[in-house]
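The analysis underlying the following values was restricted to heavy atoms, covering all of them including side chains, and did not include hydrogens, waters or symmetry mates. This one's a predicted model, so the numbers in the text were calculated from it and none came from an experiment.
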Amino acid sequence: MIAPAAAALRDRLRWRLVAATATPMDTDRVVDAAVLDRYLRGLVADGADALAVCAHTGRGPHLDPATRDLVVRHAVDTGVPVVVGVGGRPGEHTDDVAAQAARAADLGAAGVLVFPVDGDALAHHDAVWRAAGLPMLAFDLYTRPYAASRLAALLAHPGVAGVKVARLHDALACQAALAAAHRADRLAVTGEDRMFGPSLMWGAQAALVGLAAAAVPVTAAVLRAYADGKHDDFVAASARLDRLAEVTFTDPMEGYVQRMLHIAADEGRIPASHAVDAYGPALPDGDRDRVLTVARQR
């Protein structure tokens, strides 16, 4: 049985694009409130129906509590539903993750995206639910994937509204997770930047993706076309998105955050001085130019 709050978020996000936002900061890892606010509002203006903050793209596990609060507040102020990433730090205690969720609730978040854990995932999610009372999205992430039985148990929890599936290149696992969400009457959310179009055809009914940290209309066009049954438009939009995903979600894979920040700066969403991923890998020479050459073609 799904809790009323979780059912409400499930229905609210169906066929909606949730932008997994970056966290623009300077080389000293300082977030400027004005830069952040303009960036988040710009994503919404360009077609993001909701925002996911402090998640993987936003380097949530690395942010201190004051910065997390700043990001969540400004996201909530945009007026769209906000999903806050909680957890993700190696060795982090469940009580700390539950406290993050409770703080997100205090700040007006609509739900939380719970980073995967290696231990008792069901007990972990239950503690988050009891602490915050916020609907949860489970997170089936390629670096820490859930076995089918564990995912099924999570999807049966009353506070779980759905699951974000981000298996990167494992099409079989993606299909299985999306099917599990449907069996449980939960929202099947694609996080598949490299399999975005196919994941919709496999059953995803919402999207929460890092590709929408910039170039929002490119991703939004694919989801809208599919939801509206405009299949010719869907094929054309998917081809555009795939070209962008090919140059952003590539080795080193963690470099995608910096690449999306480069695009955001090139679009004028943030100043170049704040297009800094302080927690990602160094990128090869010419990487930025390669990405922007494709991003400017759409």
Side-chain angles (χ1 to χ4, degrees), residues 9 12-26 29-60 62-86 103-113 134 137 164 189 191 193 206-224 241 244 248 256-278 291-292 295-296 298:
L9 185 66
R12 191 178 186 186
L13 295 183
R14 185 171 284 118
W15 298 120
R16 299 292 184 252
L17 174 61
V18 186
T21 70
T23 304
M25 60 183 67
D26 64 19
R29 302 182 180 181
V30 174
V31 177
D32 182 287
V35 170
L36 173 68
D37 192 72
R38 183 162 65 92
Y39 167 68
L40 296 175
R41 291 182 184 278
L43 298 180
V44 172
D46 278 354
D49 302 300
L51 299 174
V53 299
C54 302
H56 188 262
T57 304
R59 299 305 192 199
H62 300 282
L63 302 180
D64 62 79
T67 302
R68 288 179 60 89
D69 280 5
L70 178 70
V71 172
V72 176
R73 283 195 181 99
H74 281 275
V76 169
D77 283 348
T78 66
V80 300
V82 174
V83 176
V84 179
V86 294
R103 182 59 178 161
D106 290 342
L107 294 174
V112 289
L113 173 69
L134 280 180
L137 294 179
K164 170 181 171 169
V189 183
D193 304 85
L208 195 167
V209 288
L211 268 176
V216 179
V218 180
T219 307
V222 183
L223 183 62
R224 303 281 185 270
L241 182 139
L244 184 61
T248 50
Y256 87 88
V257 175
Q258 181 61 74
R259 296 178 185 117
M260 295 310 301
L261 285 164
H262 284 324
I263 295 171
D266 194 62
E267 293 177 325
R269 299 180 186 277
I270 57 175
S273 59
H274 285 70
V276 177
D277 177 21
V291 170
L292 294 184
R296 292 167 180 168
R298 59 183 189 275

Between Arg73 and Asp69, is any pair of side-chain heavy atoms under 4.5 Å apart?
-> yes

dist Asp266:CG -> Leu292:CG (nearest 0.5 Å) comes out at 4.5 Å

Of all pairs that satisfy salt bridge (charged side-chain N to carboxylate O under 4.0 Å, His left out), the ones with a partner from residues 32-44, not counting sequence neighbours = Asp37-Arg41

Using a 4.5 Å cut-off on heavy atoms from C-beta on, say whether the side chain of Leu63 contacts that of Met25.
-> yes

Note: Thr23 and Gly58 closest approach over all heavy atoms is OG1-O, 2.8 Å

Do other residues, nucleotides or ligands put more than 12 heavy atoms under 6.0 Å from the CZ atom of Arg224?
-> yes

Student check: side-chain heavy atoms of Arg269 and Leu43 closer than 4.5 Å | yes

Examine distances only and state if a side-chain atom of Tyr39 and a backbone atom of Ala22 form a donor-acceptor pair shorter than 3.5 Å.
-> yes

From Leu36 CG over to His74 NE2, what is the distance, rounded to the nearest 0.5 angstrom?
-> 5.5 Å

Shortest non-hydrogen pair, Gly60 vs Arg68, comes out as O-NH1, 3.5 Å

Can you see which heavy atom on Leu13 is nearest to which on Ala50, and at what distance?
-> CD2-CB, 4.1 Å

Which of Thr248, Asp277, Thr57, Asp193 passes side chain to side chain donor-acceptor pair (under 3.5 Å) with Tyr256? Answer is Thr57

Any side-chain heavy atom of Leu261 sitting closer than 4.5 Å to one from Val276?
-> no

Nearest-0.5 Å distance that lies between atom CG in Leu211 and atom OG1 in Thr219 = 5.0 Å

Within the distance-only criterion (no hydrogens, no angle test), does the side chain of Thr21 pair as donor or acceptor with the backbone N or O of Ala52 below 3.5 angstrom?
-> yes

Which pair of non-hydrogen atoms, one from Ala264 and one from Ala213, has the smallest distance, and what is that distance?
-> CB-O, 4.4 Å

So which heavy atom on Ala109 is nearest to which on Leu134, and how close?
-> O-CD2, 3.3 Å

Candidate pair Val84 and Val71, rule side chain to side chain contact (heavy atoms under 4.5 Å, CB included), full reasoning = CA-CA 10 Å; Val84 179; Val71 172; over 6 Å; no

In Å and rounded to the nearest 0.5 Å, what is the CZ to CG distance from Arg14 to Leu9?
-> 10.5 Å

Between CD1 on residue Ile270 and CG on residue Asp26, distance to nearest 0.5 Å = 11.5 Å

Spell out, as yes or no, whether a donor-acceptor pair under 3.5 Å connects the side chain of Lys164 to the backbone of Leu208.
-> yes

Heavy-atom closest contact (Val80 atom, Asp49 atom, distance) = CB-O, 3.4 Å

